[in-house]
Amino acid sequence: MTNAAEVPMILLVEDNPDHEMLTVRALKKNGIANGLQIVRDGAEALDFLFGTGAYLGRDISVLPQVVLLDLQLPKLGGLEVLRRVRESEITRLLPVVILTSSDEECDMVEGYRLGANSYIRKPVEFEKFIEATRQVGLYWLVLNHPPPGCGRGSRG
Amino acid sequence: MIAHERFRAILLQTVGIPAAALALLAGLFLWQLASLLNAAAWVDHTDQVIAQEHRCHREMEQLPSLHRAFLLTGDEWYRVRWQEIRRDLETDFRSLERQVADNPSQEHAAITLHSEVLHLTSLWVKQVGELGRGVDPRAIARRREDAALLAEFRAGCDRFVATEESLRNSRSQAARRAADVTRATVVISLTLLGALLGTLIVRQLSGLAASYHSALESVQSQAEAVRQRTEEVHKLNSELERRVADRTAQLRMSNHELETFSYSVSHDLRAPLRSIDGMGQALVEDYYSEIGPDGRMYIDRIRANTHQMAALIDAMLDLSRLARRTMQIESVDLSGVAEEVVADLRSRDPEREVVVEIAPGVRANGDARLLRAVLGNLLGNAWKYTSKSPSPRITFGWSGEPDMMTYFVKDNGVGFDMAYYDKLFDAFQRLHSIGEFDGLGIGLATVQRIVRRHGGHAWAEGAVGEGAAFYFTLGRAGADGTRAWAGDADPSCA
């Protein structure tokens, strides 16, 4: 469902429905759930960003302000999504935050190498997860200046 | 092999025997030659005697004619000539007598001839005397008083010469015989010598050849043996290399499997825990009053257990990761690391006052990250178990020689019972209940694992209520750490 780009948009790529629910809950608690867009796997994420497949016809000039990307995804893995995102002119500057359970060093290194903007490990404890979400949301939606074309064109 | 002694013996034989034979032969030849020369000399001697006798005879034959001539002519010349020859004859006869001195009978014959000459001489002298008295010379001459003596003298000369000649013949025959003997001797002995030398040389040469042959054979067989050994060694080597390659491949595979396993574990085990915790929280928040205090307590316990499990998973992963990580050996400033660990501990518990003594300038060879984990564990434990002590004190130091140092972390905290020492370093074994001290009980297993990888080992001493001391070594400069890595399987990750 396309969104009128008045509210900063977050693209959440998450396959686990429980986690999706909890993330939404956390974002809601922090008042940043309005522009939330959820996709269930890597292929769907790319479809959304490039306006293909199920999202054919979406206005792809409207990009999220930040992408929250899990690494363990069915179909296309998170790192592959990241690579494609960085390869395309449209999405090259798009801020991507890797939000994953894995704290394997190789994942982190590869993520940064492929051009992720941030790497955050999802804590098991929900309290901490809420706090992490709050901080991520605040930083990327409020404090950080998005590149042109991502999020809203101008902020009021 | 030809021994030195035997070689010298052979040499002596090969040179000595021919030399001796030659010397013998030379002696023989010389002796033969001497007798030959001797025989020849005797022949020569006889010839000389005969010649001398002829001289005497010739001279003697001149005398009667001269005497007669003098008688008949009265020419003084004849008389002078006669006296000259007479003097020569005397000399010659004396020579002849000397020459035949070796032969008594001939000597006697020569003396007889000489005396006949003397008779004749005195007769002629007498006749000359008569001539002086004016006797008619022709009458003296006609008397022929010297005829008989002359005839006898001549016969005597003939006999003398005949004897000498027969002597000469026999001596000449003797000489010829001697020559024949010599020749025969030469031929026979040269032949014998040749045969002897030939046999000797052949024998020595074949002996030498046999010795060299056997030496060569033994060398060859030794070389063959060496070649076989070398082949065996090569075979064993390549077999060994094959096995090493196999093992390495197996290890790489199992390592890879372990990595994949840990990777899935780290994600797949945590995900449900997160859900449980989150859902629990949601339940509490959304249905706070409905579930009541007991319900909230249950949910808290549920969530606490998920946190526990998450921590356990993290610890297990850490432990296995430490086992797999390839070590990067370098010189590590342990004092510095200890300072950092303590600073970190203090920052987390700023209100605690703990006296920490860190020996300065302590260095070790090892993997920096792993050694930090060791000190982190040991100092963290010391920090934890002194939390109930009135005046907590922690020490980090070392003892021993620079090439075999023992490092320690000591504290005066709650200590432990040495009766349970065996369990101390096992993973997940705890000697204090969770209520007393929080923790999972795997810190020391990690320490032991890391220390072993460095080729050293860890041990501890303690007493209940009197603190604990944990010691560790890092082996020979920690260089053998990879040895422990190869065989050490982590039981907790199985």
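All chains are named by letter (A, B, ...) in the order of the sequence lines, taking the proteins before the strands, and each is independently numbered beginning at 1. No hydrogens, no waters, no symmetry mates; every other heavy atom, side chains included, goes into these values. Computed from a predicted structure; not experimentally measured.
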Region of Arg270(B) in contact with chain A, defined by heavy-atom distances below 4.5 Å =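 Its backbone and side chain both get close to chain A.
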
Contact part of Met309(B) toward chain A, heavy-atom cut-off under 4.5 Å: side chain, backbone, both or neither?
->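 Neither part.
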
In Å, rounded to the nearest 0.5 Å, how long is the span from [atom1] of [X] to [atom2] of [Y]?
{"X": "His19(A)", "Y": "Met279(B)", "atom1": "NE2", "atom2": "CE", "result": "7.5 Å"}
{"X": "Ser275(B)", "Y": "Asn16(A)", "atom1": "OG", "atom2": "CG", "result": "4.5 Å"}
{"X": "Asp277(B)", "Y": "Lys128(A)", "atom1": "CG", "atom2": "NZ", "result": "9.5 Å"}
{"X": "Asp18(A)", "Y": "Arg274(B)", "atom1": "CG", "atom2": "CZ", "result": "11.0 Å"}

Under a 4.5 Å heavy-atom cutoff, which of Pro272(B), Gly280(B), Ala271(B) has the most pairs with chain A?
->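 Ranked by heavy-atom pairs under 4.5 Å with chain A, first place is Ala271(B).
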
Heavy-atom pair count under 4.5 Å with chain A, highest-scoring of Asp286(B), Ile313(B), Asp268(B), Ile276(B) =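 If we count pairs closer than 4.5 Å to chain A, Asp286(B) comes out on top.
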
[X] atom [atom1], over 12 foreign heavy atoms within 6.0 Å:
{"X": "Arg352(B)", "atom1": "CZ", "result": "yes"}
{"X": "Arg92(A)", "atom1": "CZ", "result": "yes"}
{"X": "Tyr112(A)", "atom1": "OH", "result": "yes"}
{"X": "Arg363(B)", "atom1": "CZ", "result": "yes"}

Any idea which heavy atoms bring Val124(A) and Ala310(B) closest together, and the distance?
->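 So the minimum-distance heavy-atom pair works out to CG2-CB, 3.6 Å.
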
Quick one: are Glu125(A) and Leu273(B) in side-chain contact, heavy atoms under 4.5 Å?
->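 Side chain of Glu125(A) against side chain of Leu273(B), heavy atoms only: no contact under 4.5 Å found.
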
4.5 Å side-chain heavy-atom contact, Arg303(B) and Phe126(A) |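 With C-beta onward as the side chain, the pair touches.
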
